[in-house]
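Below is one structure; the comments refer to it alone.
Residue numbers count from 1 along this sequence. In listed order, ligands and their atoms are each counted from 1.
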Amino acid sequence: LYTNWAEKGQYVTDWTEIERWDRDYYLHNVQSGRSAGFTAVDRQDGNWLTLCDGTRLLDFQSQLISDSLGHRNPGIYDEIRRAMDRYGHVFFGMGNTYRARAAKLIVEDILGTSSPHWAGRVRILASGTEAVENAITVARLYTGRQVILTQAHSFHGMTVGSSMLRGYRNNFTPSGRTNEVRDVPGFPVSGYIPVPPPERSDFVLSPCATLPSLAATEAIIRAIGAENIAAIITEPMFGAGGLWPHPDYMPGIRALSLKYGFLWIDDEVLCGFGRLGEWFGYQLASDIHPDLMVTGKSINGSTLPVGAMVTNRDIGEFLDEGRWWSGSTWDGHPLVCASIVGAVETMLREDMLTKVQQRGTYLRSRLDEVAARHPCVGHVGGAGLYHVVDLVDGTGDPIVAEDRWSAFLGDTSDHPNNIISRECAARGVLLGGFVPNTIKVGPPFTITDEEIDLAMTAFDEALGAVDALYC
Ligand SMILES: Cc1ncc(COP(=O)(O)O)c(C=O)c1O
């Protein structure tokens with residue numbers, strides 16, 4: 001009724017109606033529906049978005065550091081179209097071509113090339129948070145234990161089990177009472193125990209010393225009793241929290257899990273499938289591999305809702321010998337699996353890892369150059385095409401004291417992340433952050449050097465606004 005095909009086959013949309021329907025009926029995330037601005041996307045092409053008012057924005061954060069192969073990448077779209085000629089939905093009790101091809105690509109062609117060949121089986125799911133739920137369940141079934149250790153500031157999804165792995169807890173600030181935060185009643189659910197977050201990569205450690213976070217984690221393990229712990233879950237680089245850990249941290253966590261005999265769940269939903277310049281973030285450290293790994297986002301360039309859980313070979317055999325009464329409507333969906341096949345084959349064909357490494361090196365050099373001009377930049381960290389920039393005040397402290405703890409109270413419009421995002425948008429670049437002091441720089445793998453330059457010019461100017469206000 002309101003959208004017509006105009007000449008030349010272009011959509012003509014009545015944005016006034018669309019805005020009204022969106023404001024009146026959609027249940028919005030994060031911002032309150034009443035106070036949210038209406039920033040609607042009309043179309044997406046490669047690394048660019050066109051907004052409903054015709055503004056073009058360079059997507060320098062790949063939406064949620066998720067749309068890694070640019071928008072509507074032909075390699076993925078062609079595979080989905082081919083799949084749609086044959087398939088609608090096939091339930092998990094029956095096989096389909098794409099489920100098998102996606103599983104083979106992940107377990108044999110990607111993970112099978114790393115030594116040792118630790119990966120056993122993969123299940124394809126509808127989201128990252130579901131992959132985390134599956135990993136929690138499998139860890140508990142396999143070990144017969146309940147406790148899951150999880151780091152402060154981490155994020156693993158928004159379903160009940162995943163949101164107990166804190167960071168962000170599905171809490172709520174009522175309208176007009178911005179100094180109040182309500183937790184979901186019943187929080188916390190027992191069986192999830194937080195450990196301290198890792199130190200940042202620039203933490204200075206004396207030779208042969210142990211990171212304080214690892215020492216504290218070991219003390220917690222001893223206090224709980226290793227015999228009660230099913231697993232610890234970690235992110236190679238914090239997604240929502242934007243924290244680039246010290247290089248000793250991930251190997252230290254793996255060593256603790258081996259020493260005390262519980263599983264290590266590596267959450268690669270944001271970092272996996274190339275984001276950090278390796279297929280998976282754990283590969284940045286030498287000689288370690290997880291027991292369970294969860295992925296999502298880049299596995300199909302986020303073209304369709306997706307997640308996946310990979311088990312090691314022992315856990316895969318354990319589950320396969322029994323009957324695991326599990327499964328949801330969307331497991332192994334042929335169209336989702338086709339999108340994975342399209343994305344992974346495109347990455348292999350185009351040697352995307354090398355491109356991420358090359359473009360990442362250029363991006364980092366430009367970020368360091370820009371950072372050197374601004375007193376508000378406290379630290380830059382990251383790898384590949386995911387870098388985080390921590391912003392500080394004139395004394396070097398985080399500008400918003402709450403920093404990476406969630407529950408940001410009061411008027412957030414002057415939080416540095418929001419200043420940067422406003423100023424960059426005014427210059428044609430989508431770039432910002434979730435926690436107030438940290439900007440998350442995560443462009444698509446298809447970004448060009450010229451586009452990096454354009455974004456860095458906008459970022460440079462936006463940082464000037466933060467300097468002026470806080471330094
Ligand atoms: C590290 C990490 N784990 C899990 C999730 C949840 O994934 P999804 O949003 O697909 O449920 C996210 C989402 O951003 C993430 O960054």
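A 6.0 Å sphere centred on CG of D287 holds no more than 12 heavy atoms belonging to other residues, nucleotides or ligands.
Among all non-hydrogen protein atoms, the one lying nearest atom 10 (O) of ligand 1 is G128 N, 2.8 Å. The nearest heavy-atom contact from the protein to atom 11 (O) of ligand 1 is T129 N, 2.8 Å.
Atoms of ligand 1 found under 4.0 Å from any heavy atom of D267, numbered from 1 in the order shown, are 1 (C), 2 (C), 3 (N), 4 (C). Listed by atom number, the atoms of ligand 1 under 4.0 Å from L270 heavy atoms are 16 (O). Listed by number with element, the atoms of ligand 1 under 4.0 Å from a non-hydrogen atom of E235 are 1 (C).
In this structure, G239 falls outside the shell of residues with a heavy atom less than 4.0 angstrom from ligand 1.
A donor-acceptor contact shorter than 3.5 Å links the side chain of T448 to the backbone of E451.
Rounding to the nearest 0.5 Å places CG of N312 at 8.0 Å from NE2 of H289.
Classification of the Y260-F262 ring pair by plane angle, with boundaries at 30° and 60°, yields parallel.
Of the N or O atoms in K297, one or more lie within a sub-3.5 Å distance of an N or O in ligand 1.
The six-membered or imidazole ring of H89 lies near that of W330, with a centre-to-centre distance under 6.0 Å.
A salt bridge is defined here as a Lys NZ or Arg NE, NH1 or NH2 lying under 4.0 Å from an Asp or Glu carboxylate O, and R200 with D390 meets this definition.
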